[in-house]
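Note on naming: letters A, B, ... go to the chains in the order of the sequence lines (proteins, then strands), and numbering restarts at 1 for each one.
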Number of protein chains: 2
Amino acid sequence: MLTDERYEKILKLLKKQNVAKLAELVEATGASESTIRRDLSELESRKKLKRIHGGASLLKSKTDEPTMIEKKDRYTEEKAEIGRRAASLIDDGDCIFIDAGTTTEALLPFVEAKQLTVVSNGVNIITESLAAGFHTYGIGGYVKSGTRAFVGKMAAEALMQFRFDKAFLGTNGIDQSFGYSTPDPEEAHVKGLAINQTSEAYVLADASKFKETSFAKFADLQDAFLLTATDSDPFLDEIEYDTNGKVVRLS
Amino acid sequence: MLTDERYEKILKLLKKQNVAKLAELVEATGASESTIRRDLSELESRKKLKRIHGGASLLKSKTDEPTMIEKKDRYTEEKAEIGRRAASLIDDGDCIFIDAGTTTEALLPFVEAKQLTVVSNGVNIITESLAAGFHTYGIGGYVKSGTRAFVGKMAAEALMQFRFDKAFLGTNGIDQSFGYSTPDPEEAHVKGLAINQTSEAYVLADASKFKETSFAKFADLQDAFLLTATDSDPFLDEIEYDTNGKVVRLS
DNA sequence: TTTAAAATGATTGATTTTGCTCGAAATATA
DNA sequence: TATATTTCGAGCAAAATCAATCATTTTAAA
């Protein structure tokens, strides 16, 4: 049995069972314990699986979503300030789009408007908006497990049916030449469409996103206002100069 | 039994029952009391559950609405049994529709399939399906605040783009002449469409729905299988006779 | 064919996990 | 309140698993 062949078998069995005991893998491959141990070490370093005492398990843990929860804890202060500022832009009776993500999630708690129509591609946002008592629309489509955002063709088509007064978007990178970007092209597409459908677009970002580029660009800097938690940052000044004032400052 | 396997089992059982006694967990895993105690300590420190004297309980997430929780408490046993039965109908690789509502929410915890595609009009269902690691689609549209269900024209159009192996629906009334009905015509419309798009439709209902009629009819009794928690009820026999066997009995 | 390199399987001592026991703490019962 | 029962946590020894090592086999290269 070739080495790669064993790797295949191990991963296949794992996918089937989620976890596998060392003895099971020995049985399935016909190799010795030592070899399987070495295989597991190798596959672990390749990020294909996780070794556990007595065997191995798949990486993706089905039940928990550490990314969302962990992310939420960080930068809480800054995000709250961003949310506060964004909320102050909203008028009673507005029809707004709120992007999926943790930064945009900080917006709704600060909204003062009594009457508001919220459209979102984020499951978490939808839940919050309902709890706040606003008229709420979700765009449909495939739901990404990480960010819990609707993406894909269905999401895009549904989005085309709306027009917004304001759109609030998250981002993963802001770069002077590459513009706004995010890791997933599918999500980037939805963000881009949202910007097309709105009168005013705002990108909400904390300082960790400055001068970063991600895989998929969704807008030029000119296409949206940049909204951050601070008023004085040299990077902000540069952006403001480049875009003829597309930066939100606290008035 | 591997450590991670036990963790999974413990959490799964907890999700199913909300609380679990130590003895139950010992029974379910085959491990000793000491080991389960150690597992619970570990899982508690990971914030996955809360230890209580005699066992463990879920820690309630603040995103759940109080109204939802209250409703959940009632008929819990019966709903769990309905969920169990419905889940047993699902095969690996199926593509299923799950209706919004509390009764249908009891389905997912019992699903054993590894690979499953879930389409739903319920925000709560979408969240659960994601947590369970399934491929998840949401139909879009206006979100009703009470049931947190997508409704309206957008929802209907989105639904038309899918075909299901099985559809699981909730209802508010089952009547021999009026068929299946629910209070909101908008929701009724979506339910009706879902039935059109599926090979097999199942209506999940507890005994409180028998001989009730609600405002808006969404299907005739012949259009779907009736799935309840019991096998012996005179009303079931009548339905079965009227519909030529459209009642699911435990086999 | 010869030689070097890589992979394998067995062995061994170290480490981790497990189940049991027992006194303490919490809960239920009288 | 007092007493009985259950549950808990810590310590310990047995069992399972692990990482490291080394001799042997297989593979590749010269």
Using the 3.5 Å cut-off, write out each protein N or O paired with an N or O of nucleotides 26-30 of chain C and the distance between them.
none

Are Asn172(B) and Thr182(B) linked by a side-chain donor-acceptor pair shorter than 3.5 Å? yes
Quick one: Lys21(A) NZ to dT18(C) P, roughly how many Å, whole number? 11 Å
Considering residues, nucleotides and ligands other than Lys16(B), do more than 12 of their heavy atoms fall under 6.0 Å from its NZ? yes
Nearest-angstrom distance from the residue atom CZ of Arg6(A) to C1' of dA6(C): 12 Å
Quick one: sort the Tyr137(B) and Phe162(B) rings into parallel, tilted or perpendicular, breaks at 30° and 60°. perpendicular
How close or far is atom P of dT21(C) from atom CD of Glu33(B), stated in whole angstroms? 12 Å
What residues, two or more places apart in sequence or in another chain, satisfy side-chain contact (heavy atoms from CB on, under 4.5 Å) together with Ala100(A)? Asn121(A), Ala149(A)
To the nearest angstrom, how far is Glu42(A) atom CD from dA6(C) atom P? 14 Å
Report the relative orientation of the aromatic rings in Phe150(A) and Phe150(B); use parallel for angles under 30°, tilted for 30 to 60°, perpendicular for over 60°. perpendicular
In Å, rounded to the nearest 0.5 Å, how long is the span from CZ of Arg148(A) to CD1 of Ile126(A)? 10.5 Å
Results of salt bridge (Lys or Arg N to Asp or Glu O under 4.0 Å) for Arg46(B) - residues two or more places apart only: Glu42(B)
What does the list of N/O pairs under 3.5 Å between the protein and nucleotides 19-22 of chain D look like, with a distance for each?
from, atom 1, to, atom 2, distance (Å)
dA19(D), OP2, Arg51(A), NH1, 3.1
dA19(D), OP2, Arg51(A), NH2, 3.0

Distance check: side-chain N/O of Thr3(A) vs OP1/OP2 of dA6(C), anything under 4.0 Å? no
Rounded to whole Å, how long is the line connecting atom CG of Asp39(B) with atom P of dG9(D)? 13 Å
Could you list the residues that satisfy side chain to side chain donor-acceptor pair (under 3.5 Å) with Ser88(B), not counting sequence neighbours? none
Rounded distance (Å) that lies between atom P of dC18(D) and atom CG of Leu40(A): 8 Å
Residue pairs involving residues 77-117 of chain B (criterion ring-ring contact (aromatic ring centres under 6.0 Å, His included); sequence neighbours excluded): Phe97(B)-Phe164(B)
For a quick check of understanding: with a heavy-atom distance under 4.0 Å over all strands, which category does Ile52(A) fall into, base, sugar-phosphate or nothing? sugar-phosphate
Please give, in whole Å, the distance from dT5(D) C1' to Leu22(B) CG? 16 Å
Atom CG of Leu2(B) and atom P of dA15(D) are separated, to the nearest Å, by 20 Å
